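None of the values given here were measured: they were computed from a predicted structure. All residue numbers refer to positions in the sequence shown, counting from 1.
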Amino acid sequence: MDLSLTDEQREIQHAVTELCADFPDAYWIAGERSGEFPYDFVRALSDAGWLSILIPEEYGGGGRPIADGAVVLEAITRSGCSGAAVPAQMYTMGTILRHGSEAQKQRYLPAIASGELWLQAFGVTEPDAGSDTTRIRTRAVRDGDHYVINGQKMWTSRFEQSDLMLLIARTTPYDEVDKPYDGLSTFLIDLREARASSQVSSRRIETMLDHHTYEVFFDDLIVPAENRIGEEGKGFRTIMSGMNAERVLIASNVIGSGFFFIDRASKYASEREVFGRPIGQNQGVQFPIAQAYAQLEAASLMRWKAADDF
């Protein structure tokens, strides 16, 4: 496996880095102080086509492999920009792409690719279930040509900034299935319609810089049956199939951040003088930076190997 970037990937890296130069430290500092979501930044990436790079060309995207998406996200955070606001727009659509009907793909993917629709919210975690998705209590009951959904989700990131949300709910109670992961179904919720009703409400949870995450409540939310993604009762498999792509992309975000901090630390160590010389001449400063760099390179290799397996 060749772990070096291709010429095309280096062009992607350069173009994304150039775009990020328009969003310097002052932009992010102001956002941290105001608590505002970085709309301008996300729109700039979307308009440039970087957030649709993994959507097939037939649906208006770039049609590139997962490794190219990793290049985009690493370049973002390595440039000092926040990656928390963008990865979901790249990978969440994968559930529609892999498990949606052709009608669903034609309806949603081109609009997601163009940036007309934002699909950044993913409702999975619940207060009493944590990471044990099989124990979620949000319930979707079939009633003719629609489902009625009741329940609660926690840590649903970017809920208020999304037009659409993927939601996993139980269509068969836990004690009525043979296997714990059966009886779950995945739905695509049109938040533009849901917000206009009293059937969905949310509360923002205060967390870190521009990681806008919410507690979401569903009260007799009516969802058309045609908005179910994949087969009823097989939603666990539907969402799990996208987890590996998510891991590769989020890892790239974190790796880029690591290299950014190493670059900043090295620069500071070269410029900061104590006792008439840069502090970077001291081994006590050099060694931790070198160790962090070696660990990041190892993590980067693992990330590229995972990307190559797709």
Side-chain angles (χ1 to χ4, degrees), residues 1-25 27-28 38-94 96-98 109-120 158 210 242-264 293 296-310:
M1 181 179 62
D2 185 1
L3 295 174
S4 60
L5 296 184
T6 65
D7 289 341
E8 280 187 303
Q9 287 173 334
R10 292 189 185 281
E11 290 176 4
I12 292 172
Q13 184 184 59
H14 177 72
V16 174
T17 301
E18 278 197 331
L19 185 152
C20 288
D22 293 332
F23 299 89
D25 291 353
Y27 175 82
W28 301 105
Y39 287 105
D40 292 343
F41 178 63
V42 178
R43 289 193 184 100
L45 287 168
S46 181
D47 290 346
W50 299 123
L51 301 188
S52 61
I53 193 172
L54 302 181
I55 295 177
E57 292 182 357
E58 63 193 282
Y59 301 113
R64 305 297 300 178
I66 188 76
D68 289 3
V71 171
V72 170
L73 290 174
E74 182 180 332
I76 288 171
T77 51
R78 193 162 188 167
S79 299
C81 296
S82 173
V86 294
Q89 184 73 1
M90 296 178 71
Y91 65 74
T92 308
M93 63 80 203
I96 302 173
L97 180 62
R98 285 185 291 272
L109 291 180
I112 293 171
S114 69
E116 177 187 346
L117 291 178
W118 282 13
L119 172 57
Q120 292 225 37
R158 297 164 297 275
D210 70 45
M243 290 298 182
N244 287 338
E246 177 187 1
R247 298 298 185 264
V248 170
L249 295 172
I250 296 299
S252 299
N253 247 346
V254 176
I255 289 167
S257 294
F259 283 123
F260 167 79
F261 287 118
I262 286 176
D263 291 342
R264 285 290 176 98
Y293 181 81
L296 271 174
E297 286 290 356
S300 181
L301 291 176
M302 293 178 64
R303 175 266 314 264
W304 292 131
K305 177 60 171 68
D308 191 60
D309 288 339
F310 275 83

For a 4.5 angstrom cut-off between non-hydrogen side-chain atoms, does [X] reach [Y]?
{"X": "L5", "Y": "I12", "result": "no"}
{"X": "R78", "Y": "T17", "result": "no"}
{"X": "M90", "Y": "I53", "result": "yes"}
{"X": "I66", "Y": "L54", "result": "yes"}
{"X": "Q89", "Y": "R158", "result": "no"}
{"X": "L19", "Y": "W50", "result": "yes"}
{"X": "I112", "Y": "S52", "result": "no"}
{"X": "F260", "Y": "E74", "result": "no"}

Can you tell me how far apart [atom1] ([X]) and [atom2] ([Y]) are? Round to the nearest 0.5 Å.
{"X": "D47", "Y": "D40", "atom1": "CG", "atom2": "CG", "result": "10.5 Å"}
{"X": "I250", "Y": "L73", "atom1": "CD1", "atom2": "CG", "result": "7.0 Å"}
{"X": "W304", "Y": "S252", "atom1": "CH2", "atom2": "OG", "result": "5.5 Å"}
{"X": "Q13", "Y": "E18", "atom1": "CD", "atom2": "CD", "result": "12.0 Å"}
{"X": "S114", "Y": "L51", "atom1": "OG", "atom2": "CG", "result": "11.5 Å"}

Note to self: With side-chain contact (heavy atoms from CB on, under 4.5 Å) as the criterion, how do V86 and F41 come out once you've worked through the C-alpha distance, each side chain's angles and the decisive distance to 0.1 Å?
What the structure shows: CA-CA 9 Å; V86 294; F41 178 63; 4.3 Å; yes
Next item on the list: List the steps and the verdict of side-chain contact (heavy atoms from CB on, under 4.5 Å) for V71 and V16.
Entry: CA-CA 9 Å; V71 171; V16 174; over 6 Å; no
Notebook entry, point to check: Relative to the ring of F23, is the ring of W28 parallel (under 30°), tilted (30 to 60°) or perpendicular (over 60°)?
Noted result: tilted
Next item on the list: Examine the side chains of R43 and S46 and answer whether a donor and an acceptor come within less than 3.5 Å of each other.
Entry: no
